[in-house]
Every structure is written in C-alpha cells, then in structure tokens.
Amino acid sequence: MAVPLIETRHLKKYFKTPAGLLHAVDDVSFKIQPGETLGVVGESGCGKSTLGRTVLRLLEATEGEVLYKGENILRYSKRDMKKVHLNMQMIFQDPFTSLNPRLSISSIIAEPIKVCGTLKDKGDIQKKVHELMEVCGLPERYVNTYPHELDGGRRQRVGLARALAVDPEFIVCDEPVSALDVSVQAQILNLLMDLQDSKGLSYLFITHDLCVVRHISTNIMVMYMGKVVEYAPKDELFQHQAHPYTKALLSAIPTTDLSRRGRERRALTGEVANPIDPAPGCRFAPRCPYAAERCKQPQELKQVAPGHYAACAMCQP
Amino acid sequence: MDKTLQTAGSREALLEIRGLHAEYDTDDAVVHALNGFDLTLQRGEKLGLVGETGAGKTTMALSILRLLPPRVGKITQGSITYDGIDILSASPKEMLALRGARISMIFQDPMTSLNPVTTVGDQVLEVLKLHFPEMSREERDARVDEIMKMVGIPPSRKGEYPHQFSGGMKQRIVIAMALVSEPELLLADEPTTALDVTIQAQILELMKQLKEKLNSAMVLITHDLGVVAEFCDTVAIVYAGEVIEQGSVEDVYARKDNHPYTTGLFNCIPDLYTTADRLEPIPGFMADPTDLPQGCSFAPRCPHCTQRCLQEKPSMYLRGNHGVKCHRFSGKEVK
C-alpha cells in the first residue's frame with residue numbers, strides 16, 4: 001500500500017488542569033490515503049476537535065507521532081512547519097467567529113497567500129481570490145463586503161475559500177456544517193465533495209452528526225472520552241457496529257422514517273464521565289449495558305472484520 | 001383570511017392564531033418576521049413546528065406570551081385566542097396569570113436560561129411561589145421534590161447551583177421549571193438542539209413519558225424533522241413567517257403531495273438508512289424578511305414556479321386535514 005498522506009501513531013494530548021491531567025486525546029492512530037475522508041464522530045468533549053488541532057500542530061502533542069507522507073512533522077522547526085501548512089489547512093466550526101470582522105472577504109481569502117508567500121504579485125493574488133470565490137460559489141459582488149453582511153452558509157464558503165487559498169492536499173474540517181441550516185448544510189457538503197473529486201483533497205471530517213459522516217466519509221472513527229472505540233469503513237460500520245457505544249449512538253438518532261418510529265431504543269443512561277485522570281479500564285463501562293468485571297482492564301482495538309476495529313471486551317478478534 | 005382553515009373542531013381549540021403579522025424595527029429596515037401566520041392547536045395535541053433559522057418560529061412563540069422585545073418588535077395584524085382569551089388585548093395582569101402558570105416555555109439554551117446565583121431548587125420553587133401563593137410551604141417543597149424526581153434528578157441535589165450540572169441536567173431543570181405548574185400549553189423552543197444525541201434521546205424519552213402523565217398540549221419548535229417524527233402527532237412547516245404546510249405526521253411524512261419546500265427539506269437531510277450519492281439542496285437562499293416577494297414567498301427557489309406563483313399568494317388548500325399553501329394544489333382539494 002502507498003504511503004498514507006497523513007498518519008498518526010499513538011497520538012496523545014493531555015491538558016494540565018488544577019484537578020489533574022485531562023486526557024483529551026489518548027492513544028489515537030489512523031491513516032488517511034490521498035483522496036479519502038476520515039470521519040471522526042463523538043459527543044461534545046470526546047476530544048475530536050483537539051485531535052484535529054493536534055494533527056495540524058495548532059496544539060502541541062503530548063506524545064506520539066503525526067506523519068505527513070511518512071515524515072514525522074512533530075519534530076519540524078517552525079520554518080519547516082510553514083511549508084507543511086501549505087498542504088494542510090483547516091475549516092472551523094463557527095463561521096461567525098472564525099472570520100476577522102474587520103477584514104473584507106477578499107482580504108480574508110488572500111491572507112494565507114500573503115502569509116505563506118505563494119504569490120507575490122498583487123494582480124495574481126486578486127485573480128486567485130476571484131478564482132477561489134467562484135469555486136466556492138460566492139458571487140463576485142461580495143469581494144468587498146465584510147463577514148457581518150453574509151449569512152452563515154456564505155461565511156462558511158469564505159472559510160472554505162480561505163482554506164483552499166494555498167492549494168492544500170489535506171483539510172481538517174471541524175464541524176463545518178453543524179452551525180448551518182439543513183438546506184445550506186447540503187449545499188456545503190456537496191461543495192466539499194465536488195472539491196474532493198476535482199482536486200483530490202483528503203479530509204479529516206470532525207462532526208457529531210452520524211448522518212453527515214455517513215454521507216461524506218470513506219472510513220469512520222468513533223471516539224469516546226479521548227479513546228477510539230471503533231474504526232471501520234463506512235458501510236461496514238453502519239451495517240455491523242461492534243461497539244455498544246456506536247450502537248447506542250446510532251439508535252439515539254431520530255429518523256424521519258415513520259416505520260421506525262416505534263423501534264426499541266437503546267437509550268443510554270448517565271452522562272459522559274470526567275476525563276480527568278480516568279481509570280485504566282474501558283471508559284464507556286459506567287454507561288454500558290453490558291459492562292462486566294473484565295471491562296476494568298484496558299481495552300485495545302481489536303480487528304473484528306477486515307479493516308474493522310473495535311475496543312470492546314465482548315468483541316472476539 | 002383563510003376560510004379553508006376553519007375546520008369543524010376549531011371551536012374548542014385551545015389556541016388559535018389567525019393571520020398574525022409581526023415585525024421588528026431595525027435601523028436599516030423593517031424585518032417582517034411573521035406574515036399571516038395561522039395555527040390551531042387542540043387540547044392535548046403535540047404539534048411540531050419545523051423551519052429554518054429566521055423562519056419566524058421563535059417570534060411566534062414569543063408572540064403567544066407577548067414577550068416580543070418592547071419597542072423593537074410588534075404585532076401589527078391578526079389575532080391570538082387562547083382558551084377564549086384574546087391575548088393581544090389582555091392586560092399585563094391577565095398575562096402574568098397566563099405566563100408560567102397556564103402557558104410555559106422551555107427556552108433554547110439551557111446554559112443561559114437558568115439564574116447562575118440561585119440554587120436549582122429555588123428556581124423551580126419560584127414558579128410555585130409566584131403562581132400558587134395559597135400553597136403551604138410543605139406542599140410546595142413536596143411538589144418540587146416530586147417534579148425533580150420526575151425529570152430524573154435526585155431531590156437531594158436541589159441545593160446545588162446550575163454550574164454544578166451538565167448540559168443535559170440543566171435542561172432537565174428547565175423542563176422541571178416549565179412543568180411544575182402543570183401548564184395546559186407548553187412551548188418548547190428547540191429543547192434539545194444544544195445537546196448531544198444520546199442526551200437528546202434521554203430528554204425526548206423523558207418528555208414522552210411526561211406527555212402521557214400530564215396531558216398538556218405542546219408546540220415543539222425544532223429544525224429537526226426526525227425529532228418531530230419521533231415525538232409529535234401533527235406538524236406545521238414554517239417558511240418566511242407563514243405555515244406553508246400542516247397536517248398529521250403520517251400525512252406529511254408520507255412524502256406525497258408535499259409543499260415543494262417540504263420536499264426540499266426532506267431531500268437535503270442525509271439519512272442513516274438510505275445512501276444517496278449527492279444531497280439535493282434547495283437552490284437559492286432563504287427569503288429576505290426585509291424584502292419579501294409579492295407572490296408565494298418560496299417562488300424564487302421553487303422548481304415548479306409559474307407566473308401565478310410570482311403574482312398571487314397561495315391560500316391553504318386542504319385535503320382532509322392536510323393543508324398545503326401551494327398553487328399546484330388549487331382545485332385538487334378534498335374534504
């Protein structure tokens with residue numbers, strides 16, 4: 001198999017808090033091939049955004065490796081990192097706070113080009129900005145408007161145009177559609193998928209919405225309290241979920257299909273436990289309907305089917 | 001107004017909204033938030049009110065309670081009748097007797113709708129103190145304990161403050177506050193939107209149990225068609241300040257004879273059980289509430305738009321109890 005575009009090995013990010021170490025990302029390994037999308041799903045506080053930021057080195061990892069085309073970028077100097085960032089960009093969750101309110105749309109989109117110095121000539125930069133706006137479906141008349149004049153969907157398009165400004169190969173999308181209405185959400189998802197087809201982009205797509213993740217991903221990783229509990233190709237995950245948490249997550253989603261209205265829900269009781277200095281065993285055990293004595297042992301990811309991994313004592317390899 | 005809407009049972013309706021127009025005055029323009037909003041709610045009915053941001057859902061709920069921001073927001077036309085009371089001409093005193101006692105509201109964001117410096121028990125208790133002054137102290141305390149148990153929070157925690165609770169538990173407190181007076185009508189404005197799916201499932205499960213126990217009517221405001229399918233009996237789809245489709249959940253979710261906007265909404269949700277390669281977004285953007293089209297407000301985005309749609313506002317065409325505001329259904333009404 002070819003060298004993955006992005007790979008992490010045993011990546012950990014702990015935050016020091018007065019109460020102890022907060023295990024935000026704990027031993028996460030994954031690979032993303034060129035042109036693929038890895039969907040990361042989990043509830044708030046499970047460490048999915050921290051993972052995205054740590055991969056881009058917006059946060060420094062505590063332990064582990066992030067490999068870009070086989071090279072560990074965590075060892076890179078600031079200057080080398082700048083070159084890597086030409087190929088790795090990010091789209092943020094909230095289009096209302098991630099754009100500088102005092103810059104016009106064209107300055108916002110041009111900023112990464114200026115920072116990275118990929119284009120020097122003013123005319124070239126303007127041309128590129130217009131190109132990007134067209135690709136992202138922003139009419140040219142918005143060139144000199146400011147973020148507050150645009151609605152959420154258009155702002156998210158600006159965020160996307162900004163991420164594309166330096167022609168990256170890899171984009172971390174941190175909940176890019178969750179602040180948007182469904183009709184606009186569909187437009188942005190289609191745009192992301194079209195760009196993937198035309199430019200061969202790879203995404204790390206972070207979301208809490210399983211329907212969205214199913215739509216866009218090649219592989220899906222389910223996180224719970226900093227740990228990966230399940231990792232599988234999309235269809236495999238939706239047909240044969242192995243981990244009780246994934247099952248609960250799927251059954252919790254309200255569906256518009258009336259024939260499923262009366263179905264039995266595996267409603268979880270309790271809430272996510274405290275991620276500060278967690279016990280060594282399975283972190284889902286306190287909410288798990290199948291928890292047993294053996295769940296107090298640390299659970300490793302085990303292969304349950306080709307390409308399908310789950311971290312649960314019930315799953316036999 | 002729409003005569004077609006007045007169905008036989010409407011005489012005993014708990015809540016009737018007719019041709020309601022509401023607007024917000026801003027520095028630049030007048031925002032037309034509600035434009036001829038019609039709604040009828042029977043006792044005990046669970047209605048889902050679905051629409052996108054800016055469709056006017058929250059404005060409708062605030063209008064019922066007469067809580068539109070003073071000076072900025074005002075109701076310009078129409079009527080709201082609640083159990084024989086004309087809400088729009090009710091005195092402040094009459095409104096006080098309604099709000100919180102007979103009509104309760106659950107606000108969208110549990111994080112900001114609780115008072116951070118008062119214990120959660122006192123916040124629930126306050127409702128009783130205000131609306132049931134004749135109740136004895138012991139009775140009130142017993143009621144608070146009972147309602148907290150009902151929403152799944154041990155009464156032993158009632159001396160704690162909101163910051164000691166998680167999002168899901170705060171929302172349970174907000175629900176307890178809304179239900180402790182046993183209202184006849186509950187307005188729930190996106191009660192689960194700020195919560196994670198597993199917590200959302202817990203809260204919806206809780207609300208389902210409560211609706212059987214308390215038999216209050218409910219308007220569930222949401223943008224999530226899935227939540228409505230799981231929870232409601234009837235549904236009203238809102239676009240640009242109007243109900244453009246209404247009917248039983250079964251009628252609307254049959255996905256036949258829908259308003260083009262409703263069809264669009266269904267098509268752009270990625271579904272868990274069917275795989276589509278591409279979503280079909282609704283083209284264009286939400287109607288601008290400062291500058292609404294003359295005819296059907298959905299016409300500029302509609303794939304079936306005709307000359308008539310651009311000029312003439314459609315009225316509600318009824319087929320039984322399933323109503324659609326679209327000219328495509330004119331002449332096809334069924335009684």
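Chain identifiers are assigned alphabetically (A, B, ...) following the order of the sequence lines, protein sequences preceding nucleic acid strands; residue numbering begins at 1 within each chain. Because the structure is a prediction, the values reported are computed rather than measured.
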Between Ile282(B) and chain A, which part of the residue has a heavy atom less than 4.5 Å away: side chain, backbone, both or neither?
both

In terms of heavy-atom proximity below 4.5 Å to chain B, should Leu210(A) be classed as side chain, backbone, both, or neither?
both

Is it the backbone or the side chain of Asp194(A) that comes under 4.5 Å from a heavy atom of chain B, or both, or neither?
side chain

Per the side-chain contact (heavy atoms from CB on, under 4.5 Å) rule, which among Leu225(B), Leu265(B), Leu279(B) passes with Val182(A)?
Leu265(B)

Sole residue of Asp209(A), Val41(A), Leu249(A) in side-chain contact (heavy atoms from CB on, under 4.5 Å) with Val197(B)
Leu249(A)

Any chance CD of Gln164(B) has more than 12 other-residue heavy atoms, nucleotides or ligands included, within less than 6.0 Å?
yes

Look at atom CD of Glu140(A) and say whether more than 12 heavy atoms of other residues, nucleotides or ligands are closer to it than 6.0 Å.
no

Between His223(B), Glu280(B), Met169(B), which shows the greatest number of heavy-atom pairs under 4.5 Å with chain A?
Met169(B)

With respect to chain A, which residue among Pro283(B), Pro281(B), Gly167(B) yields the maximal number of heavy-atom pairs within a distance under 4.5 Å?
Pro281(B)

Kindly give the heavy-atom pair with the smallest separation between [X] and [Y], and that separation in Å.
X         : Y         : value
Ser44(A)  : Asp196(B) : OG-OD2, 2.5 Å
Glu52(B)  : Asp181(A) : OE1-CB, 3.1 Å
Ile199(B) : Arg287(A) : CD1-NH2, 4.2 Å
Val227(B) : Pro254(A) : N-CB, 3.5 Å

Are Ser183(A) and Cys268(B) close enough that some pair of their side-chain heavy atoms sits under 4.5 Å apart?
yes

Interatomic distance, Leu250(A) atom CG to Thr198(B) atom OG1 [nearest 0.5 angstrom]
12.0 Å

Picking from Arg154(A), His208(A), Gln185(A), which has the most non-hydrogen pairs under 4.5 angstrom with chain B?
Arg154(A)

